[in-house]
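Everything numeric in this text was worked out from a predicted model, so none of it was measured. Values below: all heavy atoms of this structure, side chains included; hydrogens, waters and symmetry mates excluded. Within every chain, numbering begins at 1; the chains are lettered A, B, ... in the order of the sequence lines, protein sequences first and strands thereafter.
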Protein chains: 2
Amino acid sequence: MTVTFKDVKADLLDKIAQGIMAPGTLMPNEMDLAERYGCARATVNRAMRELADEGIVERKRKAGTRVRKAPIRQARFSIPIVREEIESKGSEYRYALIDRTLQDVPDWLRGRLALKPGQEVVRVVCMHWADGIPYQHEERWINPEIVPAVLEADFSANGPNEWLLAEVPFSNAEISFMAVEATQDLADHMGCFAGNALFRTERTTWLKETAITFVRLTYRRGHRMTTRY
Amino acid sequence: MTVTFKDVKADLLDKIAQGIMAPGTLMPNEMDLAERYGCARATVNRAMRELADEGIVERKRKAGTRVRKAPIRQARFSIPIVREEIESKGSEYRYALIDRTLQDVPDWLRGRLALKPGQEVVRVVCMHWADGIPYQHEERWINPEIVPAVLEADFSANGPNEWLLAEVPFSNAEISFMAVEATQDLADHMGCFAGNALFRTERTTWLKETAITFVRLTYRRGHRMTTRY
DNA sequence: CAGTGGTCTAGACCACATT
DNA sequence: ATGTGGTCTAGACCACTGG
């Protein structure tokens with residue numbers, strides 16, 4: 001059986017976990033490891049590159065590879081579409097549009113989206129339910145310059161999220177997580193009391209330096225966002 | 001100039017972003033692309049593998065590579081050590097131990113950590129300040145079976161987080177984000193009012209199937225956790 | 001069964017950072 | 001100057017899985 005990069009990676013990880021290679025240790029170079037494992041250097045390279053990507057080790061040319069003293073712990077969250085998030089839990093999804101207006105971009109948003117004063121944006125407010133219980137409140141602003149079709153889009157049946165995904169194939173984004181106290185309006189929609197703590201995510205999405213949309217998703221009371229790493 | 005995997009990746013990304021390769025499209029196979037770009041198949045493979053890792057495309061043997069209809073949007077968060085988080089913002093870090101006790105594991109925690117009834121755990125409560133202002137409240141339970149040194153550890157000068165990182169080199173974890181309403185006790189420590197919405201993360205850390213620690217980090221009012229992707 | 005991606009190899013050249 | 005990782009190549013075999 002030939003030695004795979006997964007074998008090498010697993011063995012290195014094991015040595016790190018067992019303390020055989022303590023944090024701060026300088027690891028052997030790729031050529032030596034390749035010889036030791038009886039494989040090609042490329043195989044060792046792949047294993048160590050993945051360890052580096054995961055923040056376990058730190059690689060520098062000439063300096064070599066070290067076990068990180070404080071591993072960069074990183075968590076990966078998948079950002080699902082609400083409908084799928086709800087249906088994957090076996091719940092029934094329901095959607096309703098609350099408001100849809102064309103308005104001058106508010107000042108606080110202008111900075112975020114890097115828009116010109118007086119420019120118009122589409123604001124959409126809607127709700128998502130799981131089994132008839134309020135699940136998520138969505139408030140979104142869309143830049144019609146990039147996505148002119150939004151001016152004709154009808155969000156009464158489907159949320160703007162799925163619609164946008166179809167229109168804008170790929171983009172980069174900045175996302176924030178936070179806790180907020182429910183306003184009276186939010187509380188009415190979410191079926192809780194004003195002042196209750198709610199989990200919120202805010203996301204700005206860009207297509208090559210120009211902002212497409214800013215969205216504020218507020219979850220029902222007690223919601224948790226969970227992941228493993 | 002030779003064609004690098006980054007060139008290939010960037011070009012493919014561009015074609016996807018511009019809609020030339022719309023979501024759902026079946027992409028050419030590696031051999032064809034290699035010929036088209038004038039590079040080796042391994043180069044194309046690396047480019048497409050990274051696109052797959054990032055959730056942009058979907059690869060299946062024999063079926064080929066497709067542009068995802070709904071790209072798996074995923075965010076990566078680095079989980080910093082509080083001290084570094086604060087000092088990297090140019091603020092002065094201060095720490096204080098609030099409480100440290102050896103107690104029977106509470107029922108709600110026993111399930112989480114998969115411990116035996118009546119087993120003892122170390123509970124540590126402490127605070128972290130930035131420039132003298134409350135920044136984060138930490139409440140932590142540690143399993144002394146895995147880390148017996150915790151029984152002698154003195155957390156009066158340094159927090160258990162940094163201490164644990166040095167003791168336990170590598171581990172896997174489950175992390176949750178949520179919003180909570182401040183209890184009176186929390187509010188007193190954080191300098192806010194009871195009932196205020198606070199951002200909290202809870203993390204369970206394991207070393208090979210056995211739980212090491214459960215930690216509850218509550219941030220000051222208005223805290224945001226932000227990342228780009 | 002046949003086509004696709006998954007991986008390994010042996011060798012090579014290069015970029016970079018430490019010395 | 002020199003050693004380390006970063007990457008490309010050309011070829012090969014294999015594993016999976018769709019038709």
Within this structure, what is the CZ-to-C1' distance between F5(B) and dG6(D), rounded to whole angstrom?
8 Å
Any side-chain N or O of R46(A) less than 4.0 Å from the OP1 or OP2 oxygen of dC8(C)?
no
5'-most contact on DNA chain D: A42(A) or T65(A), nearest heavy atom basis?
T65(A)
Given atom CD of E50(B) and atom P of dG5(C), what is their separation to the nearest angstrom?
16 Å
Tell me if the centroids of the rings in F177(B) and F77(A) come within less than 6.0 Å of each other.
yes
Shortest non-hydrogen contact from A211(A) to I146(A)?
O-CG1, 3.7 Å
I need the CG-P distance between N29(A) and dG3(D), as an integer number of Å.
11 Å
Between NZ of K62(A) and C1' of dA1(D) the distance, given in whole Å, is 8 Å
Using every non-hydrogen atom in the two residues, find where L198(B) and R220(B) come nearest and quote the distance to one decimal.
CD2-C, 4.1 Å
Please determine whether a side-chain nitrogen or oxygen atom of T43(A) lies at a distance below 4.0 Å from atom OP1 or OP2 of dT9(C).
yes
For atom CE of M48(A) and atom C1' of dT7(D), their distance in whole Å
16 Å
From the set dT9(C), dT7(C), dC16(D), return the single nucleotide nearest to any side-chain atom of A40(A).
dT9(C)
CZ of R61(A) versus P of dT19(C): gap in Å, rounded?
17 Å
Just how far, in rounded Å, is P of dC16(D) from CD of E58(B)?
18 Å
May I ask you to verify if any side-chain N or O of R59(A) is less than 4.0 angstrom from the OP1 or OP2 atom of dG6(D)?
yes
Is R41(A) side chain donor-acceptor paired with the dT7(D) base, going by distance under 3.5 Å alone?
yes
Of K60(A) and V3(A), the one whose closest DNA chain C nucleotide lies more 5'
V3(A)
When you check the phosphate oxygens OP1 and OP2 of dG5(D), does a side-chain N or O of N45(A) lie under 4.0 Å from one of them?
no
What integer distance in Å separates Y37(B):OH from dC8(D):C1'?
17 Å
Mapping A63(B) and T4(A) to their closest nucleotides on DNA chain C, which lands nearer the 5' end?
A63(B)
Just by modelled atom types, is the E84(B) backbone N or O under 3.5 Å from a matching donor or acceptor in the S88(B) side chain?
yes
Please find out if less than 6.0 Å separates the ring center of Y219(A) from that of H137(A).
no
